[in-house]
Undergrad: 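Following this message is one structure expressed as structure tokens.
Naming: A, B, ... by sequence-line order, numbering from 1 per chain.
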There are 2 protein chains.
Amino acid sequence: MTDAAPRARRSDATRAAILRAARERFAADGYDRATIRAIAADANIDPSMVMRYYGNKEGLFAAAAEFDLRLPELAGVPTGRLGEVLVRHFLDRWEGDETLAALLRAASTNPGAAERMRAIFADQLGAAVARFGTDPATTARRAGLVASQILGLAFTRYIVGLPPMVDAEPAELVAWVAPTLQRYLTGPVPGTP
Amino acid sequence: MTDAAPRARRSDATRAAILRAARERFAADGYDRATIRAIAADANIDPSMVMRYYGNKEGLFAAAAEFDLRLPELAGVPTGRLGEVLVRHFLDRWEGDETLAALLRAASTNPGAAERMRAIFADQLGAAVARFGTDPATTARRAGLVASQILGLAFTRYIVGLPPMVDAEPAELVAWVAPTLQRYLTGPVPGTP
DNA sequence: ACTGTATGCCAACAAGCGTTGACATCGACA
DNA sequence: TGTCGATGTCAACGCTTGTTGGCATACAGT
């Protein structure tokens, strides 16, 4: 009986509007340039409401950056197609939800955002990689390498806007990058002949 | 006869001190959080001097983010070792000069910094890749993919601080990542059997 | 020695920021 | 109907920011 019945409150719509506006602004401008006033204006409410519902700017960001990678169960994927499945999944996840972009932009300057990013890619991705049974001694490193290529892809395509990466069709990117992830995940540890 | 003799001016030391402090601050805090006041304090001068010598904050950043990748002449490298040479070079360049870190942090929120980043990786890296003679139709894409892996490596290691990437020895990173760059540079275009 | 210019510091400005508290209004429940 | 908490608006606060102009000092050329 810990929770009281979570009856729908009238302010839920406002809360959601704030969160949506916050994600948009954080994704477009980063943590510092995304001002509470601008977010409130986008959500058509008063800045003080943001404070009432989320405490302060850090609290708002923490709520807006809540994120689940929704990684598929890798144990069910044919071992040879792990890379392909992962790239495609990340591209989809990125285009459909700007939370990751917000996190990516903010992580450059905000320690809390960087911490969140570390948690997501160490815990969620690390766990998924561990679950299909590589050598436990190397899973962390393998997951880190996968993260480096995935985040580099996102950074060049969505943040910096490097032309050849922006123009590329998703299918092309999958074809190029999948073998990289595949090797990071299932390839032999280099230097061990 | 265009330039007058560039006699050493007494203020050159101050200019240099400002630039050094600016690079440090921009690298550590990003564009927005690196304040002119803090930079001036680090350089032991008055904030107004920064304005006199660099016009405004954007001008200061533009000067501080001047950067040459100093890519080696790839034409002289054995084709099979291109990836290895490139990763090693970038790791060295990164550890020894915080300008790239400053650029990386700032590019997330500052349009000018993103533009600079695009220029560096499109022009300098693009030119180097083009010079060892791949199919000209694919060089831009190949260079973009290399940039994505290199920047992802830097982002996870120096900005986000993902533990497995921070703990790794440079040699290990080279061993893991070199084959990736090698394939992006010299591998066949995927999907063409 | 005198003058003009380069170099530097100080004080202040206007604008924008996160944040706060007081007050109005609505809706449910007795 | 009267009461009380939830919801929302308004105005203001203290602070930091980039930027500016005025004034002192040091130096170089005559």
Undergrad: To the nearest angstrom, how far is Arg52(B) atom CZ from dG21(D) atom C1'?
TA: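 Computing the Arg52(B):CZ to dG21(D):C1' distance gives 10 Å.
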Undergrad: Report the distance from atom CD1 of Ile39(A) to atom C1' of dG16(C), rounded to the nearest whole Å.
TA: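 Between C1' of dG16(C) and CD1 of Ile39(A): 15 Å.
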Undergrad: Rounded to whole Å, how long is the line connecting atom CG of Asp12(A) with atom C1' of dA6(D)?
TA: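 The distance from CG of Asp12(A) to C1' of dA6(D) comes to 12 Å, rounded to the nearest Å.
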Undergrad: Mapping Arg15(A) and Asp46(B) to their closest nucleotides on DNA chain D, which lands nearer the 5' end?
TA: Arg15(A)
Undergrad: Provide a list of protein-nucleic acid N or O atom pairs under 3.5 angstrom, restricted to nucleotides 17-19 of chain C.
TA:
residue	atom	partner	partner atom	Å
dG18(C)	OP1	Ile36(A)	N	3.4
dG18(C)	OP1	Lys57(A)	NZ	3.1
dG18(C)	OP2	Ile36(A)	N	3.1
dG18(C)	N7	Arg37(A)	NH1	2.5
dG18(C)	O6	Arg37(A)	NH1	3.4
dG18(C)	O6	Arg37(A)	NH2	3.1
dT19(C)	OP2	Lys57(A)	N	2.9

Undergrad: Name the orientation class of the two ring planes belonging to Phe26(A) and Phe61(A) (parallel below 30°, tilted from 30 to 60°, perpendicular beyond 60°).
TA: perpendicular
Undergrad: Checking side-chain polar atoms at under 3.5 Å, does Thr109(B) have a donor or acceptor matched by the opposite partner on Arg105(A)?
TA: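 No pair is found: no donor N or O on one side chain lies under 3.5 Å from an acceptor on the other.
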Undergrad: Measure the distance from CD1 on Ile18(A) to C1' on dG8(D) and round it to the nearest whole Å.
TA: 11 Å
Undergrad: Specify the separation, in whole Å, of atom CD1 of Ile45(A) and atom P of dA24(C).
TA: 21 Å
Undergrad: List in chain and number order the residues that pass side chain to side chain contact (heavy atoms under 4.5 Å, CB included) with Met51(A), two or more places apart in sequence or in another chain; answer none if no residue qualifies.
TA: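 By the side chain to side chain contact (heavy atoms under 4.5 Å, CB included) rule, Met51(A) matches Ile36(A), Asn56(A).
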Undergrad: Starting at atom CG of Asn44(A), determine the distance to atom C1' of dT9(D), rounded to an integer number of angstrom.
TA: 13 Å
Undergrad: Using a cut-off of less than 4.0 Å, is there contact between a side-chain N or O of Thr14(B) and OP1 or OP2 of dG8(C)?
TA: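 For dG8(C), OP1/OP2 do have a side-chain N/O of Thr14(B) under 4.0 Å.
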Undergrad: In whole angstroms, how far is the C1' atom of dT17(D) from the CZ atom of Arg25(B)?
TA: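 So the two atoms are 15 Å apart, to the nearest Å.
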Undergrad: Using a 4.5 Å cut-off on heavy atoms from C-beta on, say whether the side chain of Glu58(B) contacts that of Tyr31(B).
TA: yes
Undergrad: In chain order, what residues pass the side-chain hydrogen bond (donor to acceptor under 3.5 Å, both in side chains) check against Arg20(A), with sequence neighbours excluded?
TA: none
Undergrad: Below 4.5 Å, heavy atoms only, C-beta onward: do Leu69(A) and Phe90(A) meet side chain to side chain?
TA: yes
